[in-house]
Amino acid sequence: VGPGHLEVEVDRDLVEQARRGDREAFAILVHQVSDSLYAVAHRILRDTSLAEDALQNALVLAWRRIPHLRDADRFEAWLHRILVHACYDESQRARHWTANVRALPADGPSTPDRSASFADRDELERAFRRLPVDQRAVFVLHHYVGLPLVEIAELLEIPAGTARSRLHYATRGLRTALEAQPELLANGGRLA
Amino acid sequence: MTDDRSLERAARAWLEEGPTRAPEHAVKAALLQIETTAQEWDWPVPHLHVRMRLAGTAMTGMALVGVGLIGAILLLQPGPGPGPAISPSLSPTTSASPQPSSSSSPSSSASGATAVAAPEVLTATFVSPRNGYSVLYPADWIATAGTSNWLAGSVNLWGSSALDELRGSTARFVGASQPLQSGQTADEWLANFAAGACLTPKENWIPVPIGASAGFIDANGCEAPDPPLGKGGPLFDAVVIVGNRAYSFTMDGEVSHSDFVSVLATVTLDPESAVDPSPSP
């Protein structure tokens, strides 16, 4: 995984038009970015319904606030900041439903059902869900989106040290949880 | 000790397995909601807010007469209460009947007039094609005329197509009007209007000149509801009845009482030019 999950080609003219209130231009932008946003939201929240809500809320909020956007070149980063905060909100809301923790929904690309790797993924899933959502966000932005910590800090408008510590604690949290599953790590990180 | 590199590799591989396409229904739902959602506007150049405040402060104690611009004159008189009271002292140049009758009717006394705000920023004129008024506004604001009528008994929320809307750098102004119902008096209309949310009790309304007519501020900086009903910040609302027609003007955003009063002073009411739906047969 490298940088690229955020690299959606967005037409700057569309951003400018949307800033001026052009709904059609914004709708085109939505179609250009929604896959990327949803992918990130789902990985942070680990729940299809929550990710859909976060996506929807983020897009609507982005529409409302896009006149505030100063630099069209910062559109994607700005949008992902809104998304991450929408994920925070959804995560908070989901805390009321902790009794309803579900397994990872099988709505992603179909993958071979390899029972040998299922336990590994399940363990990662449980460990990841136990992390605070702000740590999950940094972890996803770093390891899935491929952003360096400095950019994550800028995107989330937090100090670089905060981003670094969140990643550190997320990694430590996962490591602690997975030490009970040494076979995963002994596998060299491959999900068999 | 667990190898962090192995952990990261495992986590990255695991993260890659998730979905990569947004569900169509979620995108559609967002777009549908956006269709009915107004944008918030950023106000990078707070012309109105800053300049009006400066004008109001710097010119306290002075009196200017701006003869050429109807409504560019505003006399402010400090009131005895916590909020400013306004005593209109205008030389009406247009008919202003019937006046709203109230125990707190505007006084014609102008004694103690202390300030005049003649906002140079109000350089553009918006003429409502439907609601029978015009108002001055900063040229860099965006004007959107209402496209429907404010119907009797209905409440105009933000974004209503019945509202003329002027969006500025620090504030928003909306206006609408409607004819009094057959047999309805001005007092009856005002009493009905006073029942709305956010409005102060009618006995506490503040007299204010709206152009050359005498109206009332019925909401004097109340806390605006959150979007989408408003953009937050204080909300001001004023009403006036002229020529058997009721007008309502509202401002919110980074706006003060004096800002609102200044804009109201530039209003020219022309109920004859209002366009109303044809009466039902």
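Reminder, nothing fancy here: chain letters follow the sequence lines and each chain counts from 1.
Minimum interatomic distance between B/Ala38 and A/Arg64 (heavy atoms only, all atoms of both residues): O-CG, 3.3 Å. Listed here is the closest heavy atom pair of B/Pro23 and A/Glu52: CG-OE2, 3.3 Å. Looking at every heavy atom in both residues, B/Leu7 comes nearest to A/Thr171 through CD2-O, 3.4 Å. When all heavy atoms of B/Gln33 and A/Gln56 are compared, the pair lying nearest together is OE1-NE2, 3.1 Å.
Considering only heavy atoms from C-beta on, B/Leu31 comes within 4.5 Å of A/His31 through its side chain. Put simply, the side chain of A/Phe139 reaches to within 4.5 Å of the side chain of B/Leu15, judged on heavy atoms. Considering only heavy atoms from C-beta on, B/Trp14 comes within 4.5 Å of A/Glu125 through its side chain.
Interface remark: A/Ala18 contributes backbone atoms only to the contact with chain B (heavy atom separation under 4.5 Å). Interface residue A/Leu59: backbone and side-chain heavy atoms are both found under 4.5 Å from chain B. With a 4.5 Å cut-off on non-hydrogen atoms, A/Val60 touches chain B through its backbone and its side chain both. Looking at B/Ile34, both its backbone and its side chain come within 4.5 Å of chain A, counting heavy atoms on both sides.
Listed options A/Asp35, A/Leu55, A/Val30 were ranked by heavy-atom pairs under 4.5 angstrom with chain B; first place goes to A/Asp35.
For the atom pair A/Asp22 CG and B/Gln39 CD, the distance stands at 9.5 Å (nearest 0.5 Å). A/His143 NE2 to B/Glu8 CD: the interatomic distance, rounded to the nearest 0.5 Å, is 4.0 Å.
Side-chain atoms of B/Arg21 never come within 3.5 Å of backbone atoms of A/Ser34 as a donor-acceptor pair (strictly under, hydrogens ignored). Remark: side-chain polar atoms of B/Glu16 are not paired, donor with acceptor, to backbone N or O of A/Tyr144 under 3.5 angstrom.
Atom OH of A/Tyr88 has more than 12 neighbouring heavy atoms from other residues, nucleotides or ligands inside a 6.0 Å radius.
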